[in-house]
Structures are given as C-alpha cells and as structure tokens.
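Reviewing the structure listed below.
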Amino acid sequence: MLFLGAGTSSAQIAHEAQNEVSTTQDTSFFITVVGTVEAGVEHDCLILTTTGGSTYQLTGNINSSYIGQQVVVRGVLDPDGASYCMQGTPLHVISVNGY
C-alpha cells in the first residue's frame, strides 16, 4: 500500500508503485482435475469435489446441467481469487467433459 506524505515527489511515488507491482507474484496456473460437480451452498455456485476430497469453485464455461456428473475439467486455478461462493479454490473453467 502506498502512503503519500508531505514532500513526496511523483518520481518517488512511481518508483514505490513499480516496486510494489514487481514483487506481486501471479499464482494462477492451468490444471486438469477429475471430480463430481455439486451445487454450492450459495446460489449459482458450482463446486467440483475430487475423489481425494479437494474442492474447487467452478467459474466460467460451465453450467448447472453438470450437477451430479463426474467430469474432467481443464482450467486456470486462482488460489488468491475472491468469490462470494466461499467454497473451494476458484477454478476458471476452460473446458469440461463427461468422464
């Protein structure tokens, strides 16, 4: 977080902002997982539960017609993503296929 104080120059602000951005790491990455799609506890939330017990909150290219089905999902995992679903790690679906 940047704080502006008396006498802070625009060059100092730009330098601090650049340092802050450069230290931020992108934690999202592609994964493929197999599991069963379930309705989440919140309205319009879809959750994928693997046989190992991992849970993923599915977003993007998927709809409720997959509820109850075992599927293979390829997507972008976003462990730092925020969501109102509050279940599982957010996973933005790129493709989903029946298993």
Side-chain angles (χ1 to χ4, degrees):
M1 177 148 313
L2 299 176
F3 294 97
L4 303 179
T8 303
S9 73
S10 59
Q12 287 171 313
I13 294 168
H15 177 71
E16 289 174 18
Q18 183 180 11
N19 286 341
E20 184 172 319
V21 170
S22 66
T23 59
T24 303
Q25 295 182 356
D26 183 6
T27 58
S28 60
F29 52 92
F30 288 94
I31 64 168
T32 301
V33 290
V34 176
T36 302
V37 178
E38 305 167 350
V41 295
E42 297 293 334
H43 181 68
D44 288 334
C45 292
L46 295 176
I47 307 301
L48 180 79
T49 303
T50 67
T51 55
S54 297
T55 57
Y56 300 94
Q57 177 218 323
L58 303 176
T59 63
N61 190 21
I62 189 164
N63 61 53
S64 61
S65 67
Y66 288 100
I67 292 176
Q69 293 185 34
Q70 190 169 27
V71 295
V72 177
V73 174
R74 176 155 169 75
V76 178
L77 188 64
D78 186 10
D80 295 330
S83 166
Y84 72 93
C85 292
M86 296 184 266
Q87 280 182 278
T89 303
L91 176 59
H92 183 76
V93 176
I94 294 172
S95 66
V96 59
N97 297 298
Y99 187 71

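Residue numbers run from 1 in the order of the sequence given. Bear in mind the structure is a predicted one, so any value in this text is a computation, not a measurement.
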Checklist entry - Does Thr50 reach the main-chain N or O of Ser54 with its side chain, forming a donor-acceptor pair under 3.5 Å? => result yes

Could you tell me the separation between the [atom1] atom of [X] and the [atom2] atom of [Y], rounded to the nearest 0.5 Å?
X	Y	atom1	atom2	result
Leu91	Thr59	CG	OG1	7.0 Å
Glu38	Gln69	CD	CD	13.0 Å
Thr89	Gln57	OG1	CD	9.5 Å
Tyr66	Asn97	OH	CG	7.0 Å
Ile31	Ile94	CD1	CD1	10.0 Å
Leu46	Cys85	CG	SG	8.0 Å

Minimum heavy-atom separation for [X] to [Y], with atom names?
X	Y	value
His43	Tyr84	O-OH, 3.1 Å
Gly81	Pro90	O-CG, 3.6 Å
Ala39	Ile67	CB-CD1, 4.0 Å

Checklist entry - Are Ile47 and Ile62 in one and the same hydrophobic cluster, where Ile, Leu, Val, Met, Phe, Trp and Tyr link if side-chain heavy atoms are under 4.5 Å apart? => result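 Shared cluster, no.
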
Checklist entry - Going hydrophobic residue to hydrophobic residue with side-chain gaps under 4.5 angstrom, can you get from Phe29 over to Val73? => result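 The answer is yes; both residues are in one hydrophobic cluster.
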
Taking transitive links into account, so neighbours of neighbours count too, which hydrophobic residues share a cluster with [X] at under 4.5 Å side-chain distance?
X	value
Met86	none
Val34	Val72, Tyr99
Val41	none

Next on the checklist: Just so I know, are the side chains of Val33 and Tyr56 near enough to count as touching, which here means a heavy-atom distance under 4.5 Å?
Outcome noted: yes

Checklist entry - Between Asn61 and Val96, is any pair of side-chain heavy atoms under 4.5 Å apart? => result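 Asn61 vs Val96: side chains apart.
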
Checklist entry - So Thr36 and Gln70, side-chain hydrogen bond (donor to acceptor under 3.5 Å, both in side chains) or not? Walk me through it. => result CA-CA 4 Å; Thr36 302; Gln70 190 169 27; 4.9 Å; no

